[in-house]
Each structure stands twice: as C-alpha cells, then as structure tokens.
Amino acid sequence: MLKTHNCGELDSASVGEEVTLAGWVNRRRDHGGLIFLDLRDRSGIVQVTFDPDKNEAIYSVAEELRSEWVVKIEGSVSSRPDGTNNPNISSGEIEIHAHKLEVLNKSLNPPFYINEESDVDESLRLEYRYLDLRRDRMYSNILLRHNVVKFIRDFLDDQNFLEIETPILMKSTPEGARDYLVPSRVYPGHFFALPQSPQQLKQLLMIGGIEKYFQIARCFRDEDLRADRQPEFTQLDLEISFVEEADIFELVEELFTNLVSEITPELELAGPFPIMTYEESMDRFGSDKPDLRFSMELTDITNINGLSQMDVFQSVIDENGIIKAIVAPGGSKFSRREITELTEVVRSRGAKGLLTVAIEGDAQTSLSDVKMDDIKSPLSKYLTVGLVKDIAAKVEASVGDMLLIVAGERSIVDESLGELRNFLGDKLEMKDPNKLNFAFITEFPLFQWSKEREQWESTHHPFTSPKLEEMHLLDESPGDMRSRAYDCVLNGYEIASGSIRIHERELQENLLRFIGYSQEEMEGRFGHLLNALSYGAPPHGGIAAGIDRLVAVLAGEPNIREVIPFPKTQTSQDLLTKAPSLVDVQQLQDIGLSINDIVEE
RNA sequence: GGCCCGUUGGUGUAGUUGGCUUAACAUACUGCCCUGUCACGGCAGAGAUCACGGGUUCGAAUCCCGUACGGGUCGCCA
C-alpha cells in the first residue's frame, strides 16, 4: 500500500507516530509562510502543514498543489497548538507535519465543486459521475447501499436462505413490460431477453427443492422512466416453499425492522406494520401505496342529509356515484390561486371538479359557534350552516380547516382524493422525513380489464394464485376475484411486491386460458413452467423488494438515481459513456441484423 | 405519445411587465501579498455572442414559434 493510515482514522491517540498518507487535495490554505493542506481520502480529512522554516524543498512543492491533485505525504502526527483545534472533523485535534511530499497525479480544475455541498446540474453530475462519486452525498449513499445489501445477505443467510444466481440471458415472454432483446449470433433471427425479474426461475428453484432462495437481482424493463424507475434496477428477490402470506409478512417485517435499527437507527420506524386490503387502502387513502406518515383519511359523506339533494350531486348519486371528503388542516387560509391548484390536482385524475368549503376562524373556536359568514365556498349560497357542521363533524374537521369534496364514480373519487391527499401532505409538510411507515397491502384484484386488448389480464402476473374460494367467480364476475398478491409500501412508495403462486398445472392452465392464451401459445411460452408444475411442485410464494427505492427512502433522496452510481437519464441514456450508440456494420452482420432508416447525426 | 417546468462565464444564481446591462453577484480560476488557518484573508486580473434555429420590433437574455438537452408527471411499468 502507498499509505500506512487513513486520513479520517487519525486522532490524538496517534500523536508522535510517523505516517504515510495518500489522497486528494481537498483544499489548500496558503498563508504566505505556512501552508495548510486538507488531505482527503475515503475515510475523511486530515490537515497537513508545510513550514518553510522546517523543510523549504517540500514547501515549494506544496505551493504548486491544486484541488483534486493526488498526493502522497509522509509526516509525523502532532497535536495542534492550543486554540487551533477543529471540532468539525474527526482528526481536528491533530495535524501532520509533512517532511516528504510526492505528487502522484495532477488534476484539471474540476467542472464542479467536490469539496463542498452545492447544487449542480444533474446532467453535468452524470457526465462526470466519477467526480460526483467523490462528493459526500454520493459516497454516503453508496455506503448506505452497501450496508443495506450486506445486512440483507447476512440476515437471510442466518435464516437458511441460499443466494442463487439466475441467467441474465433468458427467454422473452412478451407480456408485461417491454423486453430488452439480445440477438443470438448462433441462431440468427432468434433472441434472448434480459429478465424483467427472475420470476419464473425462482419458481423453478422451488420446484427444484431449494425451499428458501434469495438473490440481489438486476432486472430490466424497457419502459419510460420516472424518479423511481430506471431501465435496469435491483431487487431483493426471494421465494419460499410451503409458505402463506403471514409467513412472508413476518419475514419482511423482521428484515426491515432489524435493518433500520441496525443501519439507520436515527430513523423512527412505526411498528407493527399495518396489514390492510387493497379495498380498504383505496377507501381510506385513495391509493394502493398510501403514505401513512400522516392520516388525512378519505371520508364517505354520501349519506349526509341534505348533501345528496344538492343539484350538483344529484346526478352523481343517480348514477351510483359517491361523495367523499378530506380535510386540509388550516386550509381555510388557502388563496384563490392555491385552490385552483388543488382543483387541478383532482382534475388530473379524472374528477370533474373539487368543492372547497373553508371554515374560517380561530382554531380554538368550537364548531358549534360557526356562523354562515365564516363559511367560504363557491357553493355557499346552496349550503347551510347545519349542513356544513354535519359534514365537518363527520370528517372531524375543525374551525380554520378546509373541506375538500369530490363526487363521482367510486374509483375516480378515491384516486383523485388520494392524489390530493398526497399533494397536501407535501404542501402542508405533513410527511416527516425522519419517519418510516411501512404497511402491507393485500388481496389485490386478480384481473383487470384491458380496454386496448379487450381482454382480462393479470393485475400482478399470471402465476399469482387466486383466492381459491373465489374460483366460482371466474365465469360470472372475474373483476371481483381477489388474488393472493401483496405489496409492502413505505412512505408512499411500493417498496416490495409478491404473491403466493399457483403450484398446480391445471389451475395455471385454466387461468392462462382465461387471459387469452391458446393451448399452443401456453406450451410455447410457459411449457417449461407448466411441465415443472406437473412433477410435484410444492406450494410456494415470495416477494421482491426494490433495493433502489428502499435505499433512496432511507437516504432521504427524492429519486433513485441518487443511490445508483451510474444511472440513466429519463430518456434512457448514459451521459457518461454516451450509450446507447451505433455499432459497426460487422457487428450487425455477425448477428444477422440490418438496420433500416438509420437517422444519422 | 400528451401535459408542465427548466437551460445566463468553470459552478451556483440575479436580471425575464422589451431600452438605465458596457449582462450583475458569489464562488472557483490566474497572478501578487500574507506564519495558525480550516468556507483563511487582502489586492489585481481573466472568463458569457444569455442552449440552438427562426420570427416580431427602431431595439430581444427578456415576447412568439420550433428544435435539442435535463427534470417532474400521465399513458406505460405482467
């Protein structure tokens, strides 16, 4: 090694030692006759002093040093003179008196600050990601990610899980997300696909008698990106034989609870994790991934006397619609512009409009003292004090709050108010960044109707077990069938998703047939799995957790790119290597491809 | 594919109801000075045809249209 110690490890216990250090020039302070150098390596920073009276030769070299140069320094660890300690760094009580200095490498002036926290345009950070990684923010996220993954490995190892790799080159199954395709050279015109997840393989592992499998698996989906979606991402994929939902929930809760207390003890985890059905989650929070750090639940007010009689709501009720409300605490102070903004939020999710009712006044005032003058609403002339009080009582609003009411078809009311709840959670700063609120959401619908294909399709994936007692609904009302799929949500993110699988060939074929597969297609695409189910497949189930999202939440980052060393942009490009790129004609010929209509730059 | 936001010296921002801008400020950078700083300090200097293309106008960083790039989001993500 070119160094004997790490910068951040030195403290007053090392005084008197001769050390050799190597690292980057974080900062240089030149006092004309005395130079201070902050030397940085991965472990931290230590101050090095160069005194011309003691060693003029290396002093003059030190004068030439610039930010991010790489240097090797030999020197002695000394206590700092009284009154010059720096409590902000771990090595702040000591400094290195250098007596040898070697420049290992020079550096251009970096395109952005590495030695201080500052906002830098993200595309610039991505282009120079190797410099961005030197910064504290990225380093601490990468470190956190390492700790999380290591904890998971150790935890599952303790529980007798086997870590098993599955192929990256595998068979394309065109349903679900769009596949990334890899052409085969040996079989021209044939393609591998990169796995969207190891789903089928982990089921085959269960059939292979592994019983407890896990993998930190890279997954690939050629779909449009979001803050929490990259074309390649990492899942903790696990599968267990002979399990039921409760076993999975217990395992996941124990894993996450221990992980947080070990890795991010500063975060406040609420336990035990609530378990609620999809139906309940949609009804109470208007989302299948509710942020439970704050309440602000949706309340059904359809049956409040006098409300459904109002003209605006009459037609909604006639068409089997519902009326629901949420309360914005202190919302009576919202400006007209803010109210317009709220209205746009619900409209974006299909609601026809938003009825706002502000109850103005001091929060200490009792609801019973509210007068008509205190009620501000676009429909105030149709409202009575009594009606507003009834609604307020039902939704537990106080004076000073605003009632936000949406009417219409149930799913639109739930989803639009859920979106509004989420929006208000941010706006009113009700999402405590130090809290972690997990929950399990269960009993998702088994099927959803695809308008595009005019066909029922699986909500989760076609290997998800239905609730067997509901199989009789398959012919009459498949939309009412519930699955044995479940999600784990955290602070409004879907952090994990899984299900109890189908382990019987007949049931699997039956459901594949229902979602539109002919016997022939079934054999072609899933024959391997169906065959495997015929040879004593054990009941099994599992879950897959999004490592990127989990780490991003634990790090308090707003998107997963911040926890991925080399992420892609929203348009799926790698700004550092400029991938994807054109390839040589010869490469294409080798794999039997030709490109039509190439757009030249 | 739709909608929304953004793009000004190396970096971060100001300026954006068109004209007091010869585009301002901070920092970084270069040089000089400085022996206890740690976001060291002082002085001086260099550095931007305001993303690109077109239009309106006597006059455009500023208004309009288009394009590119980045971000957010809907669709999409079994």
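Heavy-atom basis, side chains included; hydrogens, waters and symmetry copies ignored. Please read all numbers here as calculations on a predicted model, not as lab measurements.
By the 5.5 angstrom centroid cut-off and the 30-degree plane limit, A:Phe36 is classified as stacked against the base of B:U37. The aromatic ring of A:His31 sits over the base of B:C40, with ring centres less than 5.5 Å apart and planes tilted by under 30°.
Among the protein residues, A:Asp228 comes within range of no part of the nucleic acid, since none of its heavy atoms lies under 4.0 Å from any strand.
In this structure, the CD atom of A:Glu232 is 16 Å from the C1' atom of B:C77, given to the nearest Å. The CH2 atom of A:Trp69 sits 16 Å away from the C1' atom of B:A28 (whole-angstrom rounding). When rounded to the nearest whole Å, the span between CG of A:Leu37 and C1' of B:A39 equals 16 Å. Distance A:Glu63 CD to B:G31 P: 11 Å, rounded to the nearest Å.
For A:Asp224 against B:G75, a side-chain N or O and a base N or O form a donor-acceptor pair under 3.5 Å. A donor and an acceptor atom sit less than 3.5 Å apart, one in the side chain of A:Arg226 and one in the base of B:G75. Taking 3.5 Å as the limit, the base of B:G36 and the side chain of A:Glu95 contain a donor-acceptor pair of atoms between them. Side-chain atoms of A:Arg29 stay outside donor-acceptor range of the base of B:U35, with no qualifying N/O pair under 3.5 Å. A donor N or O paired with an acceptor N or O is found under 3.5 Å between the base of B:U37 and the side-chain atoms of A:Gln47. At a cut-off of 3.5 angstrom, the base of B:C76 holds at least one donor-acceptor pair with the side chain of A:Arg229.
Under 4.0 Å is where a charged nitrogen must lie from a carboxylate oxygen, and between A:Glu457 and A:Arg453 at least one such pair does. Electrostatic pairing of A:Glu562 and A:Arg125 counts as a salt bridge here, judged by a charged N lying under 4.0 Å from a carboxylate O. Ion pair A:Arg178/A:Glu223 flagged as a salt bridge, since at least one NZ, NE, NH1 or NH2 atom sits closer than 4.0 Å to an Asp/Glu carboxylate oxygen. Residues A:Lys427 and A:Glu338 are paired through a salt bridge, judged by an N-O separation under 4.0 Å between the basic side chain and the carboxylate.
Comparing atom distances between the A:Gln573 side chain and each of B:G36, B:G70, B:A39 picks out B:G70 as nearest. Distances from the side chain of A:Phe112 to the nucleotides B:U11, B:C74, B:C77 place B:U11 closest. Closest to the side chain of A:Arg80, out of B:U35, B:G12, B:U37, is B:U37. The nucleotide whose nearest atom lies closest to any side-chain atom of A:Leu124 is, among B:U11, B:C38, B:U35, B:U11. Relative to the side chain of A:Ala227, the nucleotides B:G72, B:A39, B:U11 differ in distance, and B:G72 lies closest. Picking from B:C76, B:G36, B:C29 the nucleotide with the shortest atom distance to the side chain of A:Pro81 gives B:G36. Considering only the side chain of A:Leu34, B:G36 comes nearest among B:G36, B:C38, B:G12. Between B:G72, B:A39, B:C38, one nucleotide has an atom nearer to the side chain of A:Arg27 than all others, and that is B:A39.
Rounded to whole Å, the P atom of B:G19 lies 29 Å from the corresponding atom of B:U27. Comparing B:G59 with B:A23, their C1' atoms sit 16 Å apart, to the nearest whole Å. For B:A46 and B:U7, the C1' atoms lie 25 Å apart once the distance is rounded to whole Å. B:C64 sits 26 Å from B:C20 when the C1' atoms are compared, rounded to a whole Å. As rounded to the nearest Å, B:A61 and B:A48 have C1' atoms that lie 11 Å from one another. The same atom, C1', is picked in B:G18 and in B:U57; the two are 9 Å apart, to the nearest Å. B:C25 and B:C65: their C1' atoms are spaced 33 Å apart (whole Å). Across B:G66 and B:C3, the matching P atoms stand 10 Å from one another, rounded to whole Å.
Contacts with RNA chain B (heavy atom under 4.0 Å) in residues 563-570 of chain A: A:Thr569, A:Gln570, listed by number.
The pairing partner recorded for B:G41 is B:C33, the criterion being a Watson-Crick or G-U wobble arrangement whose two distances lie under 3.5 angstrom. The pairing partner recorded for B:G12 is B:C25, the criterion being a Watson-Crick or G-U wobble arrangement whose two distances lie under 3.5 angstrom. Nucleotide B:C69 forms a Watson-Crick or G-U wobble pair with B:G6, both donor-acceptor distances falling under 3.5 Å.
Residues passing the salt bridge (charged side-chain N to carboxylate O under 4.0 Å, His left out) test with A:Glu470 are A:Arg482, sequence neighbours excluded.
Taking 4.0 angstrom as the limit, A:Arg178 places none of its side-chain polar atoms (N or O) nearer than this to OP1 or OP2 of B:C77. Taking only side-chain nitrogens and oxygens, A:Arg561 comes nearer than 4.0 Å to OP1 or OP2 of B:G72. The phosphate of B:C76 has neither OP1 nor OP2 within less than 4.0 Å of any side-chain N or O from A:Arg221. For A:Thr84 and B:C38, the shortest distance from a side-chain N or O to OP1 or OP2 is not below 4.0 Å.
Aromatic ring pairs are classed by plane angle as parallel below 30°, tilted from 30° to 60° and perpendicular above 60°; the pair A:Phe444 and A:Tyr278 is tilted. Ring planes of A:Tyr130 and A:Tyr128: perpendicular class, angle over 60° (limits at 30 and 60°). Below 30°, between 30° and 60°, or above 60°: for A:Phe514 and A:Phe447 the angle between ring planes is between 30° and 60°, a tilted geometry.
Heavy-atom nearest nucleotides on RNA chain B were determined for A:Tyr113 and for A:Arg66, and the one closer to the 5' end corresponds to A:Tyr113.
A donor and an acceptor atom, one from each side chain of A:Tyr493 and A:Asp291, are nowhere located under 3.5 Å apart.
Annotation: side-chain hydrogen bond (donor to acceptor under 3.5 Å, both in side chains) contacts involving residues 39-56 of chain A, sequence neighbours excluded, comprise A:Lys3-A:Asp41, A:Asn26-A:Arg40, A:Arg29-A:Gln47, A:Arg40-A:Glu68, A:Asp41-A:Ser43, A:Arg42-A:Tyr139, A:Gln47-A:Glu95.
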